[in-house]
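Please read these numbers as outputs of a predicted model, since none were measured by experiment.
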Number of protein chains: 2
Amino acid sequence: MSSDVDQATPKYYLLKTEVLGLIANLRPGTLIPTERALAEKYATSRTTVRQAISELVAEGKLGRIQGHGTFVAAPKVTHVRQLTSFSDDARSQGLRSDSTVLALDVVGSDAEVSAHLELDQGKPVTRLERIRLIEGEPLAHETAWLPGKLPRFKSKLANSGSLYAVLAADYGIRIADVEDTVETALAGPADVRLLGIEMGAPLLVVHRLARDVGGTPVEWTRSTFRGDRFRFVSRVKSGN
Amino acid sequence: MSSDVDQATPKYYLLKTEVLGLIANLRPGTLIPTERALAEKYATSRTTVRQAISELVAEGKLGRIQGHGTFVAAPKVTHVRQLTSFSDDARSQGLRSDSTVLALDVVGSDAEVSAHLELDQGKPVTRLERIRLIEGEPLAHETAWLPGKLPRFKSKLANSGSLYAVLAADYGIRIADVEDTVETALAGPADVRLLGIEMGAPLLVVHRLARDVGGTPVEWTRSTFRGDRFRFVSRVKSGN
DNA sequence: CAACATCATTGGTCTATGCCAATGTTGATC
DNA sequence: GATCAACATTGGCATAGACCAATGATGTTG
């Protein structure tokens, strides 16, 4: 029967608020006190300090480097998605965008890919796996599957860097319709290795299905974005 | 020397994978062993078990209730966003949608709201704060700000439940363009209270700015969605 | 039989502590 | 002066244990 909200606020959450106040006016990169120092200052245990710090790291407010310290994080990068690709988006914001190709090959489609591309399982699909960087920092891990084989795809992609531009210019494939799904996930060892984040960090997992004018699927992509450095923006205009 | 795999992957992550295997073929709602039992079974401490379980809860794979136990979670709800609203989206999927109005009043716009609605600070705006439920379960906390006062807004909204339908039918406001930004956050005490989730759970925070045909902002909304039960879907069609 | 008090169980929070891994500094060596 | 080894510092992982809070079963009582 009793109203009972504030009484129950755990100490680690109060500490989290406290640290937020500490860093409010600090520039990105500024080191904050060590975990052991904070534990002593606020008369608590290092475990409790770590729980507070961990959540602030997961939210993108702090960063930490083992052996170095914990520091104020840089503001989030904003990313715009329309019918454009990653590289176009970045360019439109005046940001330097790069990508590292991890794999570019033709493989047999598995159950998931074939279902989305509406192909029979095992049919050849072109797989393009890339790390996407903005301002030199890895922000996303992206794997795209395209139906069939694309002749001289590698060299053409190397020139442009923009998948959608190559598809349109060299293969006559025009994207007419995309559907994105966004959900949260937590970073595992593979994400840690590829994106340079820490275990358990929140991720935005985006699946994109693109179709051409006739409604035929032409691209199925799974992208993993750093949740701490990223905002997903979609603009929709009424067709009426 | 060292066996390299042990060193690379922390024990809590191995345990996480182990538990994923345990629940792979279990129906939602099935209780898994208690934290103390798991700690004993895998010869580890309860702290380590909790770190593994906590991440699985954050990912929406498990749920837990204090005093009761830890159980397999239900699959995610899919949510479609176009130029539609929450209620329309749910209906199109055959899901029962409700909303609880927490606040419906006229307030002076603060700095953030006035900036987005392109008003002078302090100008009156209509504030509508709601909890959104699907199938009786709270999934989102949503606060919308609309420029000015809307006569008889309360009664009109009560009839329809759909904000966009009311705006169009009763006030002649037609949305022509929306921009959504999506980012991750972690649940604090207020989110815990309103959405019935646990501290530190990942959230999707969506800001929406809607404009009419003339480009005038007509709605600024901040929505907080449960990251564990939700997928954000946006469909974009080419206007070319 | 219904209502209530009791109590064991289970998750939630916190402490205190230890060792490992990565980093950066200090100082010896060439 | 440059190089490299040793060491201190800092975050990362894990243990063992304690107490609290919510839940649900058990048993008592009116």
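More than 12 heavy-atom neighbours from other residues, nucleotides or ligands sit within 6.0 angstrom of CD on B/Glu137.
Between B/His116 and B/Trp145, the gap from one ring centroid to the other reaches at least 6.0 Å.
With rounding to the nearest 0.5 Å, the separation of CG in A/Leu194 from CZ in A/Arg132 is 14.0 Å. A distance of 8.5 Å separates CG in B/Leu15 from OG1 in B/Thr17, rounded to the nearest 0.5 Å. A distance of 10.5 Å separates CD of A/Glu198 from CD1 of A/Ile65, quoted to the nearest 0.5 Å.
For the pair B/Leu31 CG and D/dG24 P, the computed distance is 10 Å after rounding to whole Å. Computed from coordinates, the A/Met199 CE to D/dC13 P distance equals 7 Å when rounded to whole Å. Rounding to whole angstrom units, CD of residue B/Glu40 and C1' of D/dA16 are separated by 14 Å. Atoms OH (A/Tyr42) and P (C/dT15) sit 15 Å apart, rounded to a whole Å. B/Gln51 has its CD atom 14 Å from the C1' atom of D/dG11, to the nearest Å.
If you check the side chains of B/Glu219 and B/Tyr164, you find a donor sitting under 3.5 Å from an acceptor. A/Glu179 and A/His207 share no donor-acceptor pair across their side chains, judged by distance under 3.5 Å alone.
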Inset, instruction - Give the B/S/- string for nucleotides 6-12 of chain C, one per nucleotide from 5' to 3', where a protein heavy atom under 4.0 Å of the base yields B, of only the sugar-phosphate yields S, and otherwise -. - result: ---BBBB

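Contact check on A/Arg222 versus A/Glu112 returns no salt bridge, with no Lys/Arg side-chain nitrogen under 4.0 Å from an Asp/Glu carboxylate oxygen.
For the side chain to side chain contact (heavy atoms under 4.5 Å, CB included) with B/Thr184, the qualifying choice from A/Asp228, A/Val182, A/Leu204 is A/Leu204, the only one to do so.
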Which atom pairs link the protein and nucleotides 3-5 of chain C when you take only N or O atoms and keep those under 3.5 Å?
none

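Within the structure, a side-chain polar atom (N or O) of A/Thr44 is placed less than 4.0 Å from OP1 or OP2 of C/dT15. The phosphate of C/dA16 (OP1 or OP2) has no side-chain N or O of A/Thr47 nearer than 4.0 angstrom. Within the 4.0 Å cut-off from OP1 or OP2 of D/dG12, not a single side-chain nitrogen or oxygen of B/Lys11 is found.
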